[in-house]
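Heads up: numbering here begins at 1 and tracks the sequence. What you see is a predicted model, and the numbers here were worked out from it, not measured in a lab.
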Amino acid sequence: MHRIVYLISILTGLFILIGGGAFRGAEESVSLDSLLIRKQFASSPVLSAEESMKAMQLEDGFRIEIVAREPLTSTPVAMVFDKQGRLWVAEMEGYMPDTAGTGEDQPRGKIVILSDKNKDGEMDSRTVFLDSLILPRALCLIGGGILIAESPKLWFYEMKDDKPVKRTLVDAAYAEGGNVEHQPNGLFRALDNWIYNAKSGKRYRKQGNKWLIEKTHFRGQWGITQDEHGRLFYNTNSDNLLGDLFSPGFGAANQNQRTVSGFNQKIVGSNKVYPARATTGVNRAYLPGILDDSLRLVNFTAACGPVIYTGHLFNKEYYGNAFVAEPSANLIKRNILTNGGNLITGKQAYANTEFLRSTDERFRPVSLYNGPDGALYIADMYRGIIQHKTYLTPYLKNEIRERSLTQPLSYGRIYRVVPQGKKPKAVKFPDDNAKVIRLLGHDNGWVRSMAQQLLVDSGDQSVIPTLRKLSKDSRDTRMVTHALWTIEGLGGLSKDDVLPLLENPYWQIQMQGFALSPSVISNRNYKEFVRRFNKRIEQNDTLSAPYIAFLAENIKPFDTAVHKELLMGLGRRFGKDPYIADAIISSLENEEAAYLKELAGVNTDTGLVINKKLMKIIADIEKAKSAKADVSKQFPKGALIYRSFCQTCHGPDGNGVASLAPPLNNSEWVTADKNKLSAIVLYGLTGPVKIGNKLYKSPEINGDMPGIASNNEFSDEDITQLLNYIRNSWSNKGNVLQPGDVTGIRNKFKGRQKPFTMEELNGF
């Protein structure tokens, strides 16, 4: 009898969860199997670290070890090792204290230093470096200090004896708008000595006592990493893995060019995930196709924290693999990457299982790292609530309440994955720079990178002759690569270091030669580079051609005629190649129309890829000229909401962001039927959407836009201001809505949770 009552209560509760009257037909049917699965996972007990490890299913041949646990650490979201093997951890303790985010703006975050003093492999000492922070999200050790991202600002703290002694504001606008899920993060110190971020179009570099800030490609959402060649990888919450095919410093010079082929490239086609348990605690789990028949997540919904494994502890077949965290499904995915020239392709390592997955719902891996010992490290926030309040659906609020997922809030673990039969051992870094140099060729990529960073931070010019000799004599491409970039970081690179690289028989070294060229090209030597570039063009060298096109921008300040001739030669020979075409255009800011006209005179094939791309950019430039003045004064609350919640995906100019969202500027969905736009903003949009003559769909954009109808922060008047701001910004011109218009749509679809589709909206 009790079981029957229990099943009836589950059925009733489930009907409420999926929106009651908002759904009809097949969506209301609930199988007995589903009910039994729900019963099996109805509770989500808090497990100790040992119990949680027992709940993990790990690939054969590996073991998982605890590195840090509560109370030593709490809610770790990002971390970095120092040369002593200590962990500097950003703790976001204030994140989502409850489903309303109560107190999230309180300064509860910390940066802590964790040490393993008894050398047993588990951290046993905690030092608070900095406290009273609001949601700290990223950190980077550099130049005797540490960068810390506390949105919206980026700070640099000089240190003495592990204590902050001076604070410098590096960037007051590190995060411009966005919520916790959609703000810059990462602070990844890359091979090229610049610091890159996810969810950002900026890069940073310390030069003496000054900080340089440059525009770069907008990349990813949470987490960023690199391969051994210095190419960057990242993802969005529904994309397994994205990345750059070219060195990260190239291709962002043309403000008129919205996307550049070879950047934000989809590396792994499949977004399937294979959880070990039912994952009903996913934000939109009530929608068809989100969960399978066993109530498990089908595709990524919170992909984050990727790492390219470059350690030496795993077997060789794991080197260069990409590991991606999925906290909503309590798993870590392994992807196998293949390099061929400039192309990188990837595939999931397994079907129907994962590298690591857990039946512990509170296991929330958010960031992955290579370690100084060659192990794979995991930052686990260990909590019930992982979804931010901005997009939290009533369905998930109910899941959290019914299954008591809010507490506890002060847990957190750091793990490492180690091959069976191997004992990880961290490398000791000597104080003598001459000995540090030897580590530039170490088998562990983390050690190579740390050695480079220590040498660059030392500013020791006396090591340059030794580094130069290594770069010329060593047969180890990794040693050569790091030696060259260390010289670059020390400001000692010359054209005589770089030019021979362009003739090296190994493409990996040639690629670094092209990437290093901007640091040395000058008025005195640019012709020597151009001679080599023209030779490659004449040889129809498709590997070198994109790099040559990118580098044309560095020739332009010294000789505009040669710049033009170089790009014209590339356009004539490689105009059909989308990668080379975009690389050419990246060096043509405000010269697109003139170039197109001249190219047409030497190549009459109007179907060339480069012609189509140029015509699109020219048309966009004309549209931008007709854009209206900023209307934020007319709709101030709408402008504020847009900057805080919309522009991180749709862009400050309304033209959309690659891999995230389509344009709002000049979109009929924005300017035409006001009811359609109201419905989209309130309840979201899923699936492809056609704007003009173009169909936007995954992976070009995320497949889902969440609605804000259930967010109590926004009144109907606030939403009306937002809609009016969007409808009358940029080149848009729409009639003004009143709060009653939004209220009417809210009342019409009261109780609805699922987002609209394009077909539904067209049926209005």
Side-chain angles (χ1 to χ4, degrees), residues 186-198 200-201 203 205 214 216-221 223-236 239-252 259-268 305-311 319-324 335-347 368-370 445-446 448-449 452-453 477-478 480-482 484-485 488-489 501 504 506-519 542-551 578-580 582-583 586 658-659:
L187 290 176
F188 185 82
R189 196 170 174 185
L191 175 67
D192 67 357
N193 299 309
W194 284 86
I195 296 166
Y196 292 87
N197 292 274
S200 172
R203 65 176 188 169
R205 184 165 181 168
E214 284 189 359
T216 184
H217 299 277
F218 188 95
R219 296 177 170 95
Q221 189 164 344
I224 188 166
T225 184
Q226 71 178 1
D227 65 6
E228 68 175 8
H229 307 298
R231 295 174 296 195
L232 299 179
F233 295 81
Y234 34 92
N235 48 30
T236 65
D239 280 303
N240 187 347
L241 191 69
L242 305 170
D244 298 348
L245 304 185
F246 307 107
S247 301
F250 287 126
T259 60
V260 181
S261 298
F263 295 91
N264 277 283
Q265 185 91 6
K266 192 174 184 70
I267 304 298
V268 179
V307 68
I308 304 297
Y309 181 75
T310 57
Y319 188 88
N321 284 195
F323 294 86
V324 178
N335 299 291
I336 300 169
L337 306 188
T338 303
N339 290 271
N342 285 327
L343 293 177
I344 307 167
T345 56
K347 64 178 182 179
L368 310 177
Y369 302 90
N370 288 297
W446 183 91
R448 296 194 298 271
S449 293
Q452 175 183 324
Q453 292 167 16
T477 58
R478 297 171 185 169
V480 171
T481 295
H482 283 281
L484 287 163
W485 281 111
E488 195 273 350
L501 305 177
N504 194 283
Y506 296 102
W507 171 243
Q508 298 97 316
I509 299 299
Q510 289 182 41
M511 180 170 43
Q512 299 305 328
F514 286 118
L516 287 157
S517 293
S519 299
T542 54
L543 280 180
S544 302
Y547 281 98
I548 294 169
F550 291 135
L551 284 165
Y579 297 103
I580 302 172
D582 272 346
S586 76
S659 301

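Counting only distance, with no hydrogens or angles, the side chain of Thr225 and the backbone of Ile308 share a donor-acceptor pair below 3.5 Å. Using modelled atom types, no side-chain atom of Asn321 and backbone atom of Tyr309 make a donor-acceptor pair closer than 3.5 Å. When atom types are taken as modelled, the side chain of Tyr234 and the backbone of Gly305 share no donor-acceptor pair closer than 3.5 angstrom. The backbone N or O of Ser261 sits less than 3.5 Å from a side-chain atom of Asp582, completing a donor-acceptor pair. A donor-acceptor distance shorter than 3.5 angstrom exists from the side chain of Asn193 to the backbone of Trp485, with no hydrogens or angles considered. Between the side chain of Asp227 and the backbone N or O of His229, at least one donor-acceptor pair lies under 3.5 Å.
Contact record, Gly220 with Asn264: N-OD1, 4.2 Å, taken as the closest heavy-atom pair. Shortest non-hydrogen contact noted between Phe246 and Gly262 is CE1-CA, 3.9 Å. Pairing each heavy atom of Ser519 with each of Glu488, the nearest pair is OG-OE2, 2.9 Å. Nearest approach of His217 to Gly251, heavy atoms of both residues: CE1-O, 3.1 Å. Closest approach of Gly230 to Pro248, counting heavy atoms only: O-CD, 3.3 Å.
In this structure, CZ in Arg219 is found 13.5 Å from CG in Asn235, a value given to the nearest 0.5 Å.
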- Task: Quick one: do Tyr579 and Gln265 satisfy side chain to side chain donor-acceptor pair (under 3.5 Å)? Show the steps, please.
- Result: CA-CA 11 Å; Tyr579 297 103; Gln265 185 91 6; 2.9 Å; yes
- Query: Could you walk me through whether Thr338 and Ile344 pass the side-chain contact (heavy atoms from CB on, under 4.5 Å) check?
  - Reply: CA-CA 6 Å; Thr338 303; Ile344 307 167; over 6 Å; no
- Query: Would Arg189 and Tyr196 satisfy side-chain contact (heavy atoms from CB on, under 4.5 Å), going step by step from the backbone distance to the final call?
  - Reply: CA-CA 7 Å; Arg189 196 170 174 185; Tyr196 292 87; over 6 Å; no
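A salt bridge links Asp192 with Arg203; the closest basic N to acidic carboxylate O contact falls under 4.0 Å.
Looking at residues two or more places apart in sequence or on another chain, you find a side-chain contact (heavy atoms from CB on, under 4.5 Å) between Ser200 and Pro184, Asn197, Lys202. Partners of Ser544 according to the side-chain contact (heavy atoms from CB on, under 4.5 Å) rule, which considers only residues two or more places apart in sequence or in another chain, are Trp507, Gln510, Phe514, Arg536, Asp541, Ile548. In this view, Phe250 and Tyr547, Phe550 satisfy the ring-ring contact (aromatic ring centres under 6.0 Å, His included) rule, not counting sequence neighbours. Annotation: side-chain contact (heavy atoms from CB on, under 4.5 Å) contacts of Ile509 (sequence neighbours excluded): Thr477, Val480, Thr481, Leu501, Asn504, Tyr506. Among residues two or more places apart in sequence or in another chain, the side-chain contact (heavy atoms from CB on, under 4.5 Å) test is passed with Phe218 by Lys199, Val657, Leu660. Contacts of Arg478 classified as salt bridge (charged side-chain N to carboxylate O under 4.0 Å, His left out), with partners at least two apart in sequence or in another chain: Glu228.
The side chain to side chain donor-acceptor pair (under 3.5 Å) test with Arg231 is passed by exactly one of Asn342, Asp244, Asn339: Asn339. If you run side-chain contact (heavy atoms from CB on, under 4.5 Å) between Leu232 and each of Ile224, Leu242, Leu191, only Ile224 comes through. Applying the side-chain contact (heavy atoms from CB on, under 4.5 Å) test between Ile267 and each of Leu245, Thr345, Leu343, Asp239 identifies Leu245 as the sole match.
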